[in-house]
Visitor: 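Below you'll find the structure I mean.
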Amino acid sequence: MGKLFGSGGVIYKPVEDLDLTPHSDEIYVAADVKGSPHSFLFLPISSIALLIAPRMVGLVIKIFTWVLESRLFGLMLVYILKKANLIHKFITYAELKEPPVFVPSHPCDGIVYIPSSKSSRSPSRHLVLSRMKFIVSLVLNPPKSQMKMVSYSPGTLADHQEQEVKSIQTGLSPPDQVQLAAKCLPPSTEATENTQQGFRRWTIQDYSRAYSSGETTPTKVAERFLAAVNESSMHPLNMSFFINYNSEEILKQAAEATRRYEKGEPISILDGVPIAIKDEIDCLPYPTTGGTKRLHKLRPCTEDACCVERLKSCGAVIVGKTNMHELGVGTSGINPHYGAARNPYDPSKISGGSSSGSAAVVSAGLCPVALGVDGGGSVRMPAALCGVVGLKPTFERVPHSGVLPLNWTVGMVGVLASTVEDSLIVYAAISGQLSSNPTALLPTVDLPLLNKSNFISKVKMAKYREWFNDCNNGIRECCEKALDKLCSLYGWETVEVTIPEIEVMRLAHYTTIGSECTTALSSYMKKLKTKELGWDARVALRVYRSFSSKEYLMAQRIRSRQMHTYKEIFKKADVIVSPTTGYQIAGNFLGLPAVTVPVGYDNLGMPIGLQLIGKPWSESTLIRMSFALQELCSSSNRKPKVFYDLLGKA
């Protein structure tokens, strides 16, 4: 069909020839994500799962979906959509030399395997076949290449060693890891509370201190939590934070934690602390719906996901399963079955997605921390829109067992938290390889010493001006101001660079996540009736099914190019900085760690996040830098319109 309609593809120059300097002639292609997502009011928007398409409501979206799902007209409409969105130009009919990278793994010591386009020898298929069984049909005739080791440059941080860290030794239990993280925290914020002008949510430390002093108990907090959820679920708020929660189960966990504190035997600093779980992660006794009406009946939850099991072992009170965009295929957080997870800063606006409920409950004070899953910014985007911290670790840092298999090579369990300190504690609790896979060659988990008064020095932050400025003026100015503060106070430096083919990477990521989602769900979709899904999920899945094995393979070749590009960028700088919303894909597609920190508000009073993208396994550096950023910007924090004080101190 491409030749029939004259669809020409881009001929890419060899990746080694790309100019990454600020004066590069590489053309920036902007995606249609410009502006603030907060401007979208609560209407049944069809996101078309990030494809550029008209936003339709009511009867129009229904007619569009019916046409898209028809055999004849559907094929034509999908073709038009893919061509209009430049998938044909940049992916389907493109020409390039680089062979594919199927999994964004980063072996120890910063070594990453990048295929070379200058060799005639074939790569080993063992890794690809063992990690990507579903891709067997694509590698029957792999491109000729040689796998070579390329080390990430240490940049300006000497020998790429994390500055002032505690390393978690192999064999430590999650409670031990949490206690180690607690020793890395700065002095209690209670001592400095009177000097802070901005609003402050209660943290894990606050809960633990209140329990230990007898000021309150986990049971009292659980009772306040249940009352708050009930109030927020009713008219006129209709916040729709949760898909599922069980009052008896929550009170039971809280009572057990209360008894431990009464005996003076709390398990860890997380004991009795309420934590919510995105409904994409297995957590007994709840079903895992993935935001759908019936998927949990076809895929029953039989045990806790590894990350949930680790939190429970630390004594955390799991308070239920948070709302999400259906199947994670959109970014609004509007769910046709369980309601729209509304933004606590303005309930008439979206919370972002797909980890919408997790971001909203943290923002509203119902939990200091929640877990989400980040397949395309699904932790960082809602965190930024709801004014909280969102941390996405390096690919494979947190075990993915027990998570719905919607995105094998781009998804990662992430943390949404009130503060950077809280994200550190939960990151410590859930990180580390599975005990059933002790031979995995992963670097140790390093925790930054936030209790040190001196911050990292001589940091270089890469900034691609065209990319950074592709947002409205209010967001750009707010993020620029935050960077200026960091440079002025700590002596950090902004390095201008060019990051080519950003829109190409976005489309390659979309092709990848779509292909992996439909493959993973194929056995269940045969038993699901189409009418049981929402309209935008039906549209997304129809587009996903259109991707061919060739397009998937081309997307992985784009991944190869981008991994090389970012490796070169990290020779010039320690992190890459950008506004958060609309800029998340690199962390997922390339398996890199990333974090968003709230830095201000737009002219409507809605939060703005600044994102830091780091080298593989550099979570310690990112968390330390994020803490410095938080210290500079927290004085301007504002209280959301919908907020609950579970400690009863307000």
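Numbers for residues simply follow the sequence, beginning at 1.
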Visitor: Give me the ring orientation class for His88 and Tyr79: parallel if the planes are under 30° apart, tilted from 30 to 60°, perpendicular past 60°.
Guide: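 Ring orientation of His88 relative to Tyr79: tilted.
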
Visitor: Given 3.5 Å as the limit, does a donor-acceptor pair link the side chain of Glu619 with the main chain of Pro393, or not?
Guide: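 Side chain of Glu619 to backbone of Pro393, a donor-acceptor pair under 3.5 Å: no, none is there.
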
Visitor: Look at the side chain of Asn335 and the backbone N and O of Met324, then say whether any donor-acceptor pair between them is shorter than 3.5 Å.
Guide: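 A pair under 3.5 Å: yes.
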
Visitor: Any idea which heavy atoms bring Tyr583 and Ser578 closest together, and the distance?
Guide: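 So the two residues come closest at CB-OG, 3.4 Å.
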
Visitor: Starting at CZ of Phe73, measure out to CH2 of Trp66 and round the result to the nearest 0.5 Å.
Guide: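 One finds 15.5 Å between CZ of Phe73 and CH2 of Trp66.
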
Visitor: Are any side-chain N or O atoms of Glu568 and backbone N or O atoms of Leu20, one a donor and one an acceptor, separated by less than 3.5 Å?
Guide: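 No; judged by distance alone, with no hydrogens or angles, the pair does not exist.
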
Visitor: Any side-chain to backbone donor/acceptor pair from Trp535 onto Pro336? Under 3.5 Å, distance only.
Guide: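 Not confirmed, Trp535 side chain does not pair with Pro336 backbone.
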
Visitor: Answer yes when Lys463 and Glu480 have at least one side-chain N-carboxylate O distance shorter than 4.0 Å, and no when they do not.
Guide: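 A salt bridge is present here (some side-chain N lies under 4.0 Å from a carboxylate O).
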
Visitor: Should Val504 and Arg561 count as side-chain neighbours, where that means a heavy-atom distance under 4.5 Å?
Guide: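 Contact flag for Val504/Arg561 side chains = no.
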
Visitor: Would the distance check show the side chain of Asn343 and the main-chain N or O of Ile350 forming a donor-acceptor pair, the cut-off being under 3.5 Å?
Guide: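 Yes; judged by distance alone, with no hydrogens or angles, the pair exists.
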
Visitor: Where is the tightest heavy-atom contact between Thr581 and Ala384, given as atom of each residue plus distance?
Guide: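 Heavy atoms of Thr581 and Ala384 come nearest at OG1-CB, 4.1 Å.
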
Visitor: To the nearest 0.5 Å, tell me how far Thr394 OG1 sits from Met412 CE.
Guide: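 One gets 7.5 Å once the value is rounded to the nearest 0.5 Å.
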
Visitor: Please lay out, stage by stage, how Lys13 and Glu26 fare under the test salt bridge (Lys or Arg N to Asp or Glu O under 4.0 Å).
Guide: CA-CA 11 Å; Lys13 68 175 67 172; Glu26 299 291 336; 3.3 Å; yes

Visitor: So does Gly587 get a backbone contact from the side chain of Lys392, meaning a donor-acceptor N/O pair under 3.5 Å?
Guide: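 Side chain of Lys392 to backbone of Gly587: a pair is present.
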
Visitor: Given side-chain contact (heavy atoms from CB on, under 4.5 Å), test Leu610 with Val597 step by step and report yes or no.
Guide: CA-CA 5 Å; Leu610 180 68; Val597 179; 5.7 Å; no

Visitor: Please walk me through it: do Thr512 and Phe589 pass side-chain contact (heavy atoms from CB on, under 4.5 Å)?
Guide: CA-CA 9 Å; Thr512 300; Phe589 199 48; 3.4 Å; yes

Visitor: Judged by modelled atom types alone, do Lys278 and Ser355 share a side-chain donor-acceptor pair under 3.5 Å?
Guide: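 Note: Lys278 and Ser355 side chains meet the donor-acceptor criterion.
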
Visitor: What's the verdict on side-chain contact (heavy atoms from CB on, under 4.5 Å) for Leu391 and Val379, showing C-alpha distance, side-chain angles and the deciding distance?
Guide: CA-CA 7 Å; Leu391 172 65; Val379 162; over 6 Å; no

Visitor: Can you check whether Leu18 reaches Thr498 side chain to side chain, under 4.5 Å on heavy atoms?
Guide: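 In short, these two side chains do not touch, never coming nearer than 4.5 Å.
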
Visitor: Test side-chain contact (heavy atoms from CB on, under 4.5 Å) on Ile576 and Leu592 and set out the steps.
Guide: CA-CA 11 Å; Ile576 298 170; Leu592 301 172; 5.9 Å; no

Visitor: State whether a side-chain donor-acceptor pair under 3.5 Å links Tyr28 with Asp470.
Guide: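 Note: Tyr28 and Asp470 side chains meet the donor-acceptor criterion.
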
Visitor: Going by heavy atoms in the side chains, are Gln584 and Asp374 under 4.5 Å from each other?
Guide: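 In short, these two side chains do not touch, never coming nearer than 4.5 Å.
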
Visitor: Is it true that Arg542 and Glu69 have a side-chain N and a carboxylate O under 4.0 angstrom from each other?
Guide: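 No.
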
Visitor: Rounded to the nearest 0.5 Å, what separation is found between the NE2 atom of His564 and the CD1 atom of Ile569?
Guide: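 Rounded to the nearest 0.5 Å, the NE2-CD1 separation comes to 10.0 Å.
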
Visitor: How about Phe64 and Val539: do any of their side-chain heavy atoms sit closer than 4.5 Å?
Guide: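 In short, these two side chains touch, coming nearer than 4.5 Å.
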
Visitor: What distance do Asn407 atom CG and His400 atom NE2 have between them, rounded to the nearest 0.5 Å?
Guide: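 With rounding to 0.5 Å, CG (Asn407) is 5.5 Å from NE2 (His400).
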
Visitor: Would you name the heavy atoms of Thr596 and Ala383 that are closest together and state the gap between them?
Guide: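 Closest approach of Thr596 to Ala383, heavy atoms only: CG2-CB, 3.8 Å.
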
Visitor: Say you draw a straight line from CG of Leu327 to OH of Tyr544; how long is it, rounded to the nearest 0.5 Å?
Guide: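 That separation rounds to 9.0 Å.
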
Visitor: Shortest non-hydrogen contact from Cys487 to Met461?
Guide: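 Closest heavy-atom pair between Cys487 and Met461: SG-CE, 3.8 Å.
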
Visitor: Taking all non-hydrogen atoms of both residues into account, name the closest pair between Gly352 and Leu385 and its distance.
Guide: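 Closest approach of Gly352 to Leu385, heavy atoms only: CA-CD1, 3.7 Å.
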
Visitor: Between Ser560 and Pro99, what is the shortest heavy-atom contact and its length?
Guide: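 In this case the closest contact between Ser560 and Pro99 is CB-O, 3.1 Å.
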
Visitor: Does the side chain of Thr511 reach to within under 4.5 Å of the side chain of Ile558, using non-hydrogen atoms?
Guide: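 They are not in side-chain contact.
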
Visitor: Side chains of Gln556 and Arg559: is there a donor and an acceptor less than 3.5 Å apart?
Guide: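 Result is yes, a qualifying pair exists.
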
Visitor: When you measure from the side chain of Tyr464 to the backbone N and O of Pro500, does any donor-acceptor pair fall under 3.5 Å?
Guide: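 Here the side-chain-to-backbone pair does not exist.
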
Visitor: Taking C-beta and beyond as the side chain, do Lys82 and Ser546 meet within less than 4.5 Å on heavy atoms?
Guide: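 A side-chain contact exists here, since the closest heavy-atom pair is under 4.5 Å.
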
Visitor: Do Glu503 and Lys89 sit within salt-bridge range, that is, some charged N less than 4.0 Å from a carboxylate O?
Guide: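 The answer is no: the pair does not qualify as a salt bridge.
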
Visitor: Counting N and O atoms only, with roles assigned by atom type, does the side chain of Glu551 sit under 3.5 Å from a partner on the main chain of Ser548, one being a donor and the other an acceptor?
Guide: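 The answer is yes, because a donor-acceptor pair under 3.5 Å joins these two groups.
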
Visitor: Between Glu16 and Lys97, is there a side-chain heavy-atom distance shorter than 4.5 Å?
Guide: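 SC-SC contact between Lys97 and Glu16 ruled out.
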
Visitor: Keeping Ser356 on the side-chain end and Ser351 on the backbone end, is there a donor-acceptor pair under 3.5 Å?
Guide: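 Flag not set: sc Ser356 to bb Ser351 has no pair under 3.5 Å.
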
Visitor: When rounded to the nearest 0.5 angstrom, what distance separates CG in Leu622 from CG in Asp574?
Guide: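 Here the rounded value is 10.0 Å.
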
Visitor: Is there side-chain contact between Met563 and His106, with heavy atoms separated by less than 4.5 Å?
Guide: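 Result yes, sub-4.5 Å side-chain heavy-atom pair found.
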
Visitor: Quiz question: by atom type and distance under 3.5 Å, do the side chains of Thr292 and Glu326 form a donor-acceptor pair?
Guide: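 Not at all, the side chains of Thr292 and Glu326 share no donor-acceptor pair under 3.5 Å.
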
Visitor: Would you find a donor on one side and an acceptor on the other, under 3.5 Å apart, between the side chain of Arg557 and the backbone of Leu96?
Guide: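 Yes, the answer is positive, given that a donor and an acceptor are paired below the 3.5 Å cut-off.
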
Visitor: Using only heavy-atom distances, determine whether the side chains of Arg506 and Asn85 contain a donor-acceptor pair under 3.5 Å.
Guide: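 No, Asn85 and Arg506 have no side-chain donor paired with an acceptor closer than 3.5 Å.
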
